[in-house]
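Just so you know, these numbers use all the heavy atoms, side chains as well, and skip hydrogens, waters and symmetry mates.
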Amino acid sequence: MTKEIIINSTTSQTRVAITEDGNLVDFFVDYPENRRMVGDIYLGKVARVLPGIKAAFIDIGMKHDAFLHFSDIGARTQQFQDMLGDEDSDVDDEADSDEEGDASARSNIQAKPAKEAVKEVAEENAIPKLHKGQEILIQITKEPVNNKGVRVTSSVSLPGRFCVLLPFDNKIGVSKKISDFKERRRLRHIARGILPEKFGLIIRTVARNQSEESLREDLKNLLKTWEDIQNTIKTEEPPALIYQDLNTTSSVIRDLFTTDISKVFIDSKKLYKQIKNYVQLVQPALAEKIEPFKSSNSIFDAFKIEEQIKTLMGRRVPMPSGGYLIIDHTEAMVVIDVNSGRYAKSKEQEQNSLKTDLEAAREVARQLRLRDIGGIIVVDFIDLEDEKNRKKIYDELRKEFRKDRAKVSVLQMSDFGLVQITRQRIRQNIMQTMKEVCPYCLGTGMLTKHSHVVYDLEDWLKKFRRQSKERAIIIKCHPTFAAKFIEGKIKTFFKFWFKYGVRLTIEEDENMPLGEVKFFSKKTQKELTEEFS
């Protein structure tokens, strides 16, 4: 299998595509105005503590306070003045790491720093002694989604190329993706030899077959970063950004550029030099795989990425057999419907339904990964009578999700052909990143009929006429609605004027959603919409 990374960089954005045999399997977009935040470290201040939901909200200077669940508070956190002092050491933790090779895995790695943080939690379910105004060092683990703030942890970790540094944690772990027992033992032995006291270390997948010198150099850089963080804390007042992780493009190279990548193609000279120099420094053997893309054509067109992105962004996703998926986002979950297409009229219904469902299972796993969809997902497969066939769909889904770096849980197919999936949500999905809510329908996909808006307008006028002595109002609405309001031989505008004895003035406002009307007093300019609704 040929696996490649294709990077397209412009002044407005940088796009990174990962392909397997030409098929798009991962896609990232890096916007200057929408910077990646996962991994950033802040010195914050406790805004609220809510024992009822076992969480605290931390002021880190953003629009919404950060959400800190009690389970994300390190069990060995301590006061900042003890951070550089002596501490009773634990026995090495030989537990394996779930590190998947990407930045999102850091959210499950334990580390224990804080400036004026909580005392040790005596029991697993005990309520930490946080109080309002308390200063605490936290790290972002999930980016904001809709109106929710970021999710954070007080267990800070610093990712490098080959390992992840865990301040104040004596754990040494090795990625489960390194399956060779001898290699795991070798890496753990190296880690014990190079790791200072009071620190923990996770060995990443990419460290397989790396020399001790490479790991030592990577650890040296991480320790220097941690030292800089400690010095910054001493001079800052909360809320303050203490450490900023790499942007999306750089983190993809750090986390996903492994030995199984055949080539990396980059269409920007500046970015090519930056990435080439970084890889030559951390892993010279891979540097020769990085190539500049020299052509007048778009790099994404040349590798047929652009046409795949159009499919990625669509509600309907076609499949080779003729079937297709319909992907709909709701407030609580994502719903995916599997349709058989032209196979619906075929005679061997069970076998053809199985073929379509197996194809759909592979495509569902690919789409969730591509679009970075997290949370609850419900897939409505084509009904299968045979229990063995249902089991095949479940097994196919589990096999495909092993390729996913996010944590995924899949339940068995129900009697109704439904499969429930939960997928770890780290950041906004690709649709939320690349699209904005429609200013006309406000994301519903539906517009109120003109006749119904007119009905509501007349109903408002009736109430206004009965309850107010004013006889002149201003109606603000979108130009499209205003045009319809005054069309016809006898304009609706004048009908209401004469019927209710109220002088009406229409003001057009292009920023207003279609179907929304606001009323203002002509005399005082005060808005009256809610008063007479």
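Checking side-chain atoms of Arg390 against main-chain N and O of Leu384 turns up a donor-acceptor pair under 3.5 Å. Under the 3.5 Å distance criterion, the side-chain polar atoms of Arg184 are matched with a main-chain donor or acceptor of Ser175. With Glu350 contributing its side chain and Asp386 its backbone, the two residues share a donor-acceptor pair below 3.5 Å. For the pair Asp21 (side chain) and Thr2 (backbone), a donor-acceptor distance under 3.5 Å is present. Although no hydrogens or angles enter the test, the distance criterion places a donor-acceptor pair under 3.5 Å between the side chain of Glu359 and the main chain of Ser321. Checked by atom type and distance alone, the side chain of Arg36 pairs as donor or acceptor with a backbone atom of Leu246 at under 3.5 Å. Remark: the backbone N or O of Phe300 is not paired with any side-chain donor or acceptor of Glu306 at under 3.5 angstrom.
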**Report entry** Residues Ile140, Asp245; criterion side-chain contact (heavy atoms from CB on, under 4.5 Å); working and verdict
**Finding:** CA-CA 10 Å; Ile140 296 177; Asp245 199 12; over 6 Å; no
Requested in this report: With salt bridge (charged side-chain N to carboxylate O under 4.0 Å, His left out) as the test, would you mind laying out the steps for Lys392 and Asp357 before giving the verdict?
Outcome: CA-CA 9 Å; Lys392 287 179 181 178; Asp357 280 349; over 6 Å; no
Requested in this report: Would you sort out whether Leu215 and Ile203 count as a side-chain contact (heavy atoms from CB on, under 4.5 Å), showing the intermediate values?
Outcome: CA-CA 9 Å; Leu215 270 66; Ile203 304 297; 4.0 Å; yes
Query raised in the report: Given Asp337 and Leu325, is the side-chain contact (heavy atoms from CB on, under 4.5 Å) satisfied, shown in steps?
Result: CA-CA 6 Å; Asp337 185 33; Leu325 305 178; over 6 Å; no
Requested in this report: Please test Ile373 against His329 for side-chain contact (heavy atoms from CB on, under 4.5 Å), starting from the C-alpha separation and ending with a verdict.
Outcome: CA-CA 10 Å; Ile373 295 173; His329 294 255; 4.0 Å; yes
Query raised in the report: Could you go step by step and tell me if Asp404 and Arg369 meet the salt bridge (charged side-chain N to carboxylate O under 4.0 Å, His left out) rule?
Result: CA-CA 7 Å; Asp404 200 327; Arg369 181 178 166 189; 5.5 Å; no
Report task. Dump the intermediate steps for side-chain hydrogen bond (donor to acceptor under 3.5 Å, both in side chains) on Thr249 and Asn247, then the final yes or no. Result -> CA-CA 6 Å; Thr249 306; Asn247 60 30; 4.6 Å; no
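More than 12 heavy atoms of other residues, nucleotides or ligands lie within 6.0 Å of CD in Gln244, so this atom counts as buried by the packing criterion. At most 12 heavy atoms of other shown residues, nucleotides or ligands fall within 6.0 angstrom of atom CG in Asp415. Heavy-atom neighbours of Ile376 CD1 from other residues, nucleotides or ligands within 6.0 Å: at or below the threshold of 12.
Scanning both residues, Ile261 and Lys289, for their nearest heavy atoms gives O-NZ, 2.9 Å. Residues Ile7 and Ile253 share a closest heavy-atom pair of CD1-CD1, 4.1 Å. Nearest heavy atom pair, residue Ala302 against residue Phe293, reads CB-CZ, 3.7 Å.
The closest side-chain heavy-atom distance from Tyr394 to Gln412 is below 4.5 Å. In this structure the side chain of Lys224 never reaches within 4.5 angstrom of the side chain of Asn221, judged on heavy atoms. In this structure, His64 and Pro144 have side chains that are not in contact, with every pair of non-hydrogen atoms separated by 4.5 Å or more. Residues Phe162 and Val206 have side chains in contact (heavy-atom distance under 4.5 Å, counting atoms from C-beta outward). Taking the side chain as every heavy atom from C-beta outward, Ile58 and Asp65 never approach each other to under 4.5 Å. Using a 4.5 Å heavy-atom threshold, the side chains of Ile41 and Leu158 count as touching. Residues Phe381 and Leu397 form a side-chain contact, since some pair of their non-hydrogen atoms from C-beta on lies under 4.5 Å apart. For the pair Thr248/Thr14, no side-chain contact is recorded, criterion being any heavy-atom separation below 4.5 Å from C-beta on.
Going from atom CG of Asp228 over to atom CD1 of Ile242 covers 11.5 Å, rounded to the nearest 0.5 Å. The CG atom of Leu68 sits 12.5 Å away from atom CD of Gln139, with the distance rounded to the nearest 0.5 Å. From Thr422, atom OG1 reaches atom CD1 of Ile377 across 7.0 Å, with rounding to the nearest 0.5 Å. The OG1 atom of Thr232 lies 10.0 Å from the CD atom of Gln230; values are rounded to the nearest 0.5 Å. Atom CD1 of Ile190 is separated from atom CD of Gln210 by 9.5 Å, given to the nearest 0.5 angstrom. For the atom pair OH of Tyr243 and CG of Asp40, the computed distance is 8.5 Å after rounding to the nearest 0.5 Å.
The side-chain hydrogen bond (donor to acceptor under 3.5 Å, both in side chains) search around Ser295 returns none, not counting sequence neighbours. Under the salt bridge (Lys or Arg N to Asp or Glu O under 4.0 Å) criterion, Glu4 pairs with no residue, sequence neighbours left out. With sequence neighbours excluded, the residues forming a salt bridge (Lys or Arg N to Asp or Glu O under 4.0 Å) with Arg362 are Glu396, listed by chain and number. With sequence neighbours excluded, the residues satisfying side-chain hydrogen bond (donor to acceptor under 3.5 Å, both in side chains) with Ser214 are Ser211. Residues passing the salt bridge (Lys or Arg N to Asp or Glu O under 4.0 Å) test with Lys270, sequence neighbours excluded: none. Take Phe303 and apply the ring pair (Phe, Tyr, Trp, His ring centres under 6.0 Å) test, not counting sequence neighbours, and it matches Phe265. Residues satisfying the side-chain hydrogen bond (donor to acceptor under 3.5 Å, both in side chains) criterion with Lys391, sequence neighbours excluded, are Asp395. With sequence neighbours excluded, no residue forms a side-chain hydrogen bond (donor to acceptor under 3.5 Å, both in side chains) with Ser298. Here Lys263 pairs with Glu291 under the salt bridge (Lys or Arg N to Asp or Glu O under 4.0 Å) rule; sequence neighbours left out.
Residue pairs that meet the salt bridge (Lys or Arg N to Asp or Glu O under 4.0 Å) test with at least one member in residues 206-221, sequence neighbours left out, are Glu212-Arg216. Counting only residues at least two apart or on different chains, the salt bridge (Lys or Arg N to Asp or Glu O under 4.0 Å) pairs with a member in residues 151-168 are Asp72-Arg151.
Screening Arg366, Arg423, Arg425 for a salt bridge (charged side-chain N to carboxylate O under 4.0 Å, His left out) with Asp372, the sole residue that qualifies is Arg423.
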Contacts under 3.5 angstrom, residues 271-281 side chains, donor-acceptor by atom type, not counting sequence neighbours:
{"from": "Lys276", "atom 1": "NZ", "to": "Ala287", "atom 2": "O", "distance (Å)": "2.9"}
{"from": "Asn277", "atom 1": "ND2", "to": "Lys273", "atom 2": "O", "distance (Å)": "3.1"}

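Between Glu183 and Arg186, at least one side-chain N (NZ, or NE/NH1/NH2) sits under 4.0 Å from a carboxylate O, which counts as a salt bridge. Look at Asp26 and Arg405 and you find a salt bridge, because one of the NZ, NE, NH1 or NH2 atoms lies within 4.0 Å of a carboxylate O, short of that distance.
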